[in-house]
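Note that these values count all heavy atoms, side chains included, but never hydrogens, waters or copies made by symmetry. Order of the sequence lines fixes the chain letters, A, B, ..., with proteins taken first and strands second; residue numbering starts at 1 for each chain.
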Amino acid sequence: MAVDSNTTPTSEIELIQQASKGDQEAFGQLYERYVGRIYNYIYYRTGNSHEAEDLTARVFTRAMNHLPHYEDRGFPFSAWLYRIAHNLVANWHRDSSRREEVDIDKAAEIRNGDPLPEAELVQNQEVERLIRVLQRFSPERQQLVILKFVEGLSNAEIGQIMERSEGAVKSLYHRTLLALRDELEREGQI
Amino acid sequence: MSRLTVSDEELELLEKHLAGTLRPVNPDPGFIGNLRKRLYVKPRSSPEQRRQAGALLLLAFGLLVGAALVLVQLPRVSRLFKKASSEEIRPGRAFS
């Protein structure tokens, strides 16, 4: 999943301009293009599918309402959406009353209605443990790991989202990997 | 405190572990569809539409105020008409 706005800049800019004038069809195309990525980002930040749905809905509602004030500063549109998502997740974490989490495997069972096959259950437990370890890290480090591994973005693309230089992202990534290895070793996960 | 010496192989293994675990998930299609409806059903007006709606509102307000003024003044106007018509008739009677 790469930031594809760089490959189709004109059409994306046109879509944003049309959507900011109230064109629902244009906003719909932007929604279809990014809803999956934003959902994934929030899902791995919260570790909870219900919260991910709620916060994803809020991201797109906020984006729709603020689109007339959107300024093209040379960054991809996705960077703007990720920043909205990042701020909403930060608020969500601050609100301690909403931190009662549903385990990922349980959430998956609720979604499908049936218990998961054993292999999938093990995978889900591994994801859950990793998310718990990640949540001990700063929001910036969590964001970096998710954008890198879940979204598959390059350091340059992550830099645009995080408003940092490519070099700064590379350095933060290296430090995050070292810290993550220590934490995972302590947990006996690797 | 992290270990100071880490081999590239060790970090590559960790990256592989992360890549294998943190895989993209598919959101519930029902959620995607419902959110799409919620976002699209809500009518959004363009600046042009908002200007037109504002002009229509102003026109409607003007008509309403005008109608109210006419209604308020109607009894007075009818009284004036009656008075004027009675004054037109009175001199005729005086000469007869």
### Task
Please name all residues satisfying salt bridge (charged side-chain N to carboxylate O under 4.0 Å, His left out) with A:R136, sequence neighbours left out, ordered by chain then number.
A:E183, A:E187
Spacing of [X] atom [atom1] and [Y] atom [atom2] [to the nearest 0.5 Å]:
X: B:E10; Y: A:L177; atom1: CD; atom2: CG; answer: 11.0 Å
X: A:L147; Y: B:L22; atom1: CG; atom2: CG; answer: 11.5 Å
X: A:Y39; Y: B:D28; atom1: OH; atom2: CG; answer: 7.5 Å
X: A:R58; Y: B:L35; atom1: CZ; atom2: CG; answer: 12.5 Å
X: A:D182; Y: B:L14; atom1: CG; atom2: CG; answer: 10.0 Å
X: A:F149; Y: B:L18; atom1: CZ; atom2: CG; answer: 4.5 Å

### Message
A:N87: which residues meet the side-chain hydrogen bond (donor to acceptor under 3.5 Å, both in side chains) condition with it, sequence neighbours left out?
### Response
none
### Query
What residue in A:K148, A:E25, A:E32 has the most heavy-atom pairs under 4.5 Å with chain B?
A:E32
### Message
Membership question, hydrophobic clusters at under 4.5 Å side-chain separation (ILVMFWY): are B:F61 and B:L69 in the same one?
### Response
yes
### Query
Applying the 4.5 Å side-chain criterion to the ILVMFWY set and letting contacts propagate, would A:Y70 and A:I38 be lumped into a single cluster?
yes
### Query
Does any heavy atom of chain B fall under 4.5 Å from the side chain of A:Y31, the backbone, both, or neither of them?
side chain
Grab the two heavy atoms, one from [X] and one from [Y], that are nearest each other, plus how far apart they are.
X: A:V150; Y: B:P24; result: O-CG, 3.4 Å
X: B:R23; Y: A:Y44; result: O-OH, 2.5 Å
X: B:P27; Y: A:G36; result: CG-CA, 4.3 Å
X: B:T21; Y: A:V127; result: O-CG2, 3.4 Å

### Query
Any donor-acceptor pair under 3.5 Å linking the side chain of B:Y40 with the backbone of A:G28?
yes
### Task
With side chain to side chain contact (heavy atoms under 4.5 Å, CB included) as the test, would you mind laying out the steps for A:V35 and B:R36 before giving the verdict?
CA-CA 10 Å; A:V35 66; B:R36 188 191 298 120; over 6 Å; no
### Query
Do the side chains of B:H17 and A:R181 get nearer than 4.5 Å, heavy atoms only?
no
